[in-house]
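One structure below.
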2 protein chains.
Amino acid sequence: MGIAEEAFERLRRIVVEGEFLERMAALGVRTQLSPGLIKTLVRLSQSGGISMGEMARNIGVDPSYITALVDDLAERDLARREPDPVDRRVKIVVLTDEGRRLAEEIQAVLSVPPASFGVLTRSEMRQLRDLMDKVIAADPALSGPPSPSGRKLVDSG
Amino acid sequence: MGIAEEAFERLRRIVVEGEFLERMAALGVRTQLSPGLIKTLVRLSQSGGISMGEMARNIGVDPSYITALVDDLAERDLARREPDPVDRRVKIVVLTDEGRRLAEEIQAVLSVPPASFGVLTRSEMRQLRDLMDKVIAADPALSGPPSPSGRKLVDSG
DNA sequence: TATTGTTATACTCTATAACTATA
DNA sequence: TATAGTTATAGAGTATAACAATA
């Protein structure tokens, strides 16, 4: 196993096997939102208004399931459909104020590092963040910022 | 957002939003194994022989579902139940040779870093790995090695 | 004719409750 | 009586196929 593999294997274990998973589960319980709904909400808050189809490609599920997902969010008053001004087939999904608030709350929770991160010094954390930024910048699917600055799609599928 | 949050938020994005997810999906398609089965297989190869109940606690699902999971693995000749020598209620699940082979193959795939890791220099990758090791060592749920060296459970839940 | 979204439906994943065997 | 595992069943989560409206 090369160094890159070793490094990534650690990364993966920390995220998918560590304390983080429990936190996701707890988040689901507290918000009463399924993983799919949480993902949808977060992506919506990153893109600030995308069509049903874009969303389907974006989070990698079938369009018919987006209908169900958005129905669900709409029933909870977290999102709503708006007509596209130029193509009447298209519906744009936008977050309500409450949806945006909840999405931000969720993202905050997701960003809280596991307690074990406490062993790193500030300088090590900076190092880590900079390394991660370099990797993210090199991944076209990730390099769009999480702030609502516009598009950022897998799209080319 | 502090530096720790920034660092972890990047980590999380790389693993859960990047190329890695597609790879997991592709793995599922190729092996015809559901995420639950893959997780079970990998955990089994890490512990080399645990009871149904331990497994349920270990991967965090209901015991009844472990029955279904192991039934499925057994049908595919990837695992089998063996009687516990001291408690006749207990069944020990062990991988077959083919199961072990497949589990190793899966772990190898999971460890392949995304292409974007290529932007890191060797020294940066070493830095990254060492930082991750430090974090893992501080997380009691993670600090058991993935090699088949015995137990390693969440257990205290 | 092709595309966006929806509906109806079915299949997969997972949990709850009741049960059997053993302790 | 309590615990390990199983069975039967029900509920989420998600996809496929057929459809309506618009392009």
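Just so it is clear: chains get the letters A, B, ... in the order the sequence lines come, proteins before strands, and each one is counted from 1.
- If you check distances only, the side chain of A:Ser64 does reach the base of D:dT16 with a donor-acceptor pair under 3.5 Å.
- Taking atom CD1 of A:Ile59 as the reference point, atom P of D:dA15 lies 9 Å away to the nearest angstrom.
- Among the nucleotides C:dG5, D:dT16, D:dG5, the one closest to any side-chain atom of A:Ser51 is C:dG5.
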>> Set out, in order, the CA-CA distance, both residues' side-chain angles and the distance that settles side chain to side chain contact (heavy atoms under 4.5 Å, CB included) for A:Val16 and B:Met24, then state yes or no.
In response: CA-CA 12 Å; A:Val16 309; B:Met24 279 293 290; over 6 Å; no

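- Taking the side chain of A:Asp62 as heavy atoms from C-beta on, and the options D:dA15, C:dT16, D:dG5, the nearest nucleotide is D:dA15.
- Heavy atoms of A:Asp84 sit nowhere under 4.0 angstrom from any nucleic acid atom.
- Donor-acceptor pairing under 3.5 Å, judged by distance alone, is absent between the side chain of A:Arg88 and the base of D:dT22.
- In this structure, the nucleotide among C:dT3, D:dT6, D:dA4 sitting nearest to the side chain of B:Val90 is D:dA4.
- Interface remark: the B:Thr67 side chain does not form any donor-acceptor pair with the D:dT7 base, using a distance-only criterion of under 3.5 Å.
- Follow the hydrophobic side-chain contacts under 4.5 Å out from A:Leu128 and you never reach A:Val112; the two are in separate clusters.
- Atoms CG (A:Asp87) and P (C:dA2) sit 17 Å apart, rounded to a whole Å.
- A salt bridge does not link A:Glu6 with B:Arg126: every distance from a Lys NZ or Arg NE/NH1/NH2 to an Asp or Glu carboxylate oxygen is 4.0 Å or more.
- Judged purely by atom type and a 3.5 angstrom limit, B:Arg23 uses its side chain to pair as donor or acceptor with the backbone of B:Val109.
- Side-chain nitrogen and oxygen atoms of B:Arg81 include at least one within less than 4.0 Å of the OP1 or OP2 phosphate oxygen of D:dT6.
- Out of C:dA23, C:dT14, C:dT3, the shortest distance to the side chain of A:Arg89 is found at C:dT3.
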